[in-house]
Asks: 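Take this structure, written in structure tokens, and hold onto it; I'll ask about it next.
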There are 2 protein chains.
Amino acid sequence: MLQMLANPAAQPAFPRVSSTTPEMRAVSLAGPLLPPRTVVFLEGLTRCPQYRVVDGCVATAQTLSDGRRQIIDLVGPGRLIGLGFGDQNRYSAETLGFTRLELVSDSMAQGERDQALSEMLARSQSLVMLLGRKTAPERVASALIDLSRQFGRPARDKRRGAITFHLYPTRGDLADWLGLTLETVSRCLTRLKKAALIDIRQGDLVTLLDPQQLAGIAAGDRSLSH
Amino acid sequence: MLQMLANPAAQPAFPRVSSTTPEMRAVSLAGPLLPPRTVVFLEGLTRCPQYRVVDGCVATAQTLSDGRRQIIDLVGPGRLIGLGFGDQNRYSAETLGFTRLELVSDSMAQGERDQALSEMLARSQSLVMLLGRKTAPERVASALIDLSRQFGRPARDKRRGAITFHLYPTRGDLADWLGLTLETVSRCLTRLKKAALIDIRQGDLVTLLDPQQLAGIAAGDRSLSH
DNA sequence: CGGAGCTTTGACACGACTCAACGTGGGTGG
DNA sequence: CCACCCACGTTGAGTCGTGTCAAAGCTCCG
């Protein structure tokens with residue numbers, strides 16, 4: 001799977017989501033449409049070039065020697081991965097769904113690189129606050145809001161600005177992101193469903209039914225019944 | 001206290017720790033030697049210039065609406081604070097001991113800024129791993145090792161490379177950094193003392209007696225008895 | 001139909017939090 | 001100079017949230 005990335009420069013710059021059948025590229029070996037669970041690069045190995053996520057989702061993660069995993073970020077369309085200093089990757093990156101990447105030149109505009117780094121830093125610091133000081137329901141609510149911003153589109157259902165998005169991470173991925181266990185994430189989602197704040201269909205299609213109240217829970221302003 | 005920073009440019013560039021009595025500057029209003037618990041800048045306010053910590057220690061922190069505090073980083077000599085994008089501070093900064101700051105020009109070398117941002121990002125990601133996946137004793141051990149790197153000097157006591165340093169943060173500060181409570185931090189330090197891995201004199205002079213074994217605990221390779 | 005992977009749910013355990021009491025050291029004012 | 005105070009630290013007892021372990025359900029797909 002890694003070798004699919006060996007020659008990504010063959011693609012023209014900014015091959016933005018075309019309306020032409022994207023599945024055509026999946027079968028073509030030259031196409032940069034990666035299947036789920038493709039490892040883009042590995043922590044500790046020689047540093048790889050930078051990519052922009054065009055479509056899909058990439059998780060960046062670190063792993064402790066005994067196997068404990070922590071997801072650093074979930075990266076959606078438009079954002080960059082592989083940025084950093086030093087001669088080796090500080091984290092691994094893998095796709096969570098069918099994902100299209102685009103190579104970004106190492107000599108990108110300094111201002112763009114600066115802004116991307118600043119944004120990553122801000123997100124990392126938000127995650128620090130989440131992990132250090134938020135309860136499990138607050139973490140799950142925060143995660144859903146973040147994912148809706150990255151992957152969401154207004155839902156058919158227009159009540160109170162409901163938003164729907166495809167949930168790329170599994171319960172286990174969410175747990176590794178939020179510093180929880182798979183079971184705790186599942187229980188929190190169940191409680192959010194029972195409170196009629198969210199809806200999940202087909203396992204991975206999530207609708208935020210009341211983003212405002214969800215944001216209140218994420219910020220710790222209101223709590224969630226059992 | 002804030003006004004002490006109003007005219008920091010009066011100092012020449014790189015006023016590195018001089019051998020002349022530093023207390024003289026403390027009484028002088030122009031001197032940038034700040035007392036403990038001085039707020040350098042506040043989260044949410046218009047963005048301030050950047051500073052380099054010359055001597056002492058600064059904590060950067062975010063606060064939730066209900067008062068929960070999360071320390072983002074403890075910054076020792078040589079490192080920068082105030083870096084970032086956007087028009088307002090994303091976190092507050094306050095001194096934890098007598099601290100000397102030095103103004104850094106906004107138009108610093110792009111390479112230097114890039115490297116500083118990358119380093120902050122790497123540190124933030126390490127904190128994410130600590131908060132998301134480490135136990136309380138592992139967190140405290142990790143913190144002590146980090147502080148020894150920033151503030152430590154080889155101890156008189158040469159056994160196994162013991163390192164001594166001044167502990168700027170209180171137990172409460174450490175708790176807000178490590179996502180724990182004050183009491184849990186205290187209990188972990190007591191256990192580390194009983195295990196003869198560390199020594200604490202006069203409340204704030206810490207010696208790591210066995211950095212190797214401490215690193216083992218920090219990484220989760222070995223555990224700590226009660 | 002059958003199996004694999006993911007999810008849900010329950011019972012129980014345990015680590016960290018909460019609440020409380022007490023100890024300690026440094027500073028201040030009578 | 002001492003009594004007092006206040007901030008910080010330590011320690012204990014009990015609670016609670018989250019983790020652990022286990023079983024069963026669901027959904028997709030061969």
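Atom set for the values below is all heavy atoms of this structure, side chains included, hydrogens, waters and symmetry mates excluded. So that the names make sense, note that chain A is the first sequence line, chain B the second, and so on, each numbered from 1.
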Asks: Rounded to the nearest angstrom, tell me the gap between atom CG in A:L182 and atom P in D:dT18.
Replies: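 Rounding to the nearest Å, CG of A:L182 and P of D:dT18 are 16 Å apart.
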Asks: Quick check: on DNA chain C, is the nucleotide nearest B:R191 upstream (toward 5') of the one nearest A:G203, or the reverse? Name the residue that is more 5'.
Replies: A:G203
Asks: Can you list the residues that meet the side chain to side chain donor-acceptor pair (under 3.5 Å) rule with A:R69, with sequence neighbours excluded?
Replies: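 So A:R69 forms a side chain to side chain donor-acceptor pair (under 3.5 Å) with A:E94, A:D173, A:D176.
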Asks: Would you tabulate the nitrogen or oxygen pairs shorter than 3.5 Å linking the protein to nucleotides 5-7 of chain D?
Replies:
none

Asks: Could you check B:L197, B:L192, B:D199 and say which one makes a side-chain contact (heavy atoms from CB on, under 4.5 Å) with B:L209?
Replies: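 When B:L197, B:L192, B:D199 are each tested with B:L209, the side-chain contact (heavy atoms from CB on, under 4.5 Å) holds only for B:D199.
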Asks: One pair to check against side chain to side chain donor-acceptor pair (under 3.5 Å): A:D221 and B:S65. What are the steps and the verdict?
Replies: CA-CA 8 Å; A:D221 294 335; B:S65 57; 3.1 Å; yes
Asks: Roughly, in whole Å, what's the span from CZ in A:R68 to P in D:dG19?
Replies: 13 Å
Asks: For A:K193, does the NZ atom sit with more than 12 other heavy atoms under 6.0 Å from it, leaving out its own atoms?
Replies: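 Buried by this count: over 12 neighbours within 6.0 Å.
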Asks: Given atom CG of B:D173 and atom P of D:dC8, what is their separation to the nearest angstrom?
Replies: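 Going from CG in B:D173 over to P in D:dC8 covers 8 Å.
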Asks: Any protein N or O atoms within reach of nucleotides 2-5 of chain C? Criterion: under 3.5 Å, listing atom names and distances.
Replies:
none

Asks: Restricting both atoms to N or O, compile the protein contacts to nucleotides 17-21 of chain C shorter than 3.5 Å, with distance only.
Replies:
unit_1, atom_1, unit_2, atom_2, d
C:dC17, OP2, B:T181, N, 3.2
C:dC17, OP2, B:T181, OG1, 3.1
C:dC17, OP2, B:T184, OG1, 2.5
C:dT18, O4, B:R187, NH2, 3.0
C:dC19, N4, B:E183, OE2, 3.1

Asks: Around atom CZ of B:R68, are there more than 12 heavy atoms of other residues, nucleotides or ligands at under 6.0 Å?
Replies: yes
Asks: Is there a donor-acceptor pair under 3.5 Å between the side chain of A:D210 and the backbone N or O of A:Q213?
Replies: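 Checked: pair present.
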Asks: Nearest-Å distance, CG (B:L174) to C1' (D:dG9)?
Replies: 12 Å
Asks: For DNA chain C, determine which residues of residues 135-147 of chain B have any heavy atom closer than 4.0 angstrom to one of its atoms, and list them numerically.
Replies: B:T135, B:A136
Asks: Testing the 3.5 Å rule here: is there a donor-acceptor pair between the side chains of A:R79 and A:Q150?
Replies: yes
Asks: Does the side chain of A:R171 get closer than 4.0 angstrom to OP1 or OP2 of C:dC6 through an N or O atom?
Replies: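 For C:dC6, OP1/OP2 do not have a side-chain N/O of A:R171 under 4.0 Å.
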Asks: Applying the side-chain contact (heavy atoms from CB on, under 4.5 Å) criterion to A:S148, which one of A:L208, A:I198, A:T207, A:T164 satisfies it?
Replies: A:L208
Asks: Against B:L180, only a single residue in B:L174, B:L131, B:V140 fulfils side-chain contact (heavy atoms from CB on, under 4.5 Å); can you say which?
Replies: B:V140
Asks: So, OP1 or OP2 of D:dT10: does either fall under 4.0 Å of a side-chain N or O from B:S186?
Replies: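 Yes, such a contact exists.
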Asks: When the distance from CZ of B:R201 to C1' of C:dG25 is rounded to whole Å, what number comes out?
Replies: 17 Å
Asks: Please identify which of these residues, B:L33, B:L34, B:V54, meets the side-chain contact (heavy atoms from CB on, under 4.5 Å) condition with B:L101.
Replies: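 Option passing the side-chain contact (heavy atoms from CB on, under 4.5 Å) with B:L101: B:L34.
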Asks: Could you work out how much the helix from C:dC1-D:dG30 to C:dG30-D:dC1 bends, comparing the axis of its first five pairs with that of its last five, to 10°?
Replies: 30°
Asks: When the distance from CG of B:L192 to C1' of D:dT10 is rounded to whole Å, what number comes out?
Replies: 15 Å
Asks: Roughly, in whole Å, what's the span from CD in B:Q202 to C1' in C:dG26?
Replies: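 Result: 13 Å.
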Asks: Examine the side chains of A:S124 and A:D73 and answer whether a donor and an acceptor come within less than 3.5 Å of each other.
Replies: no
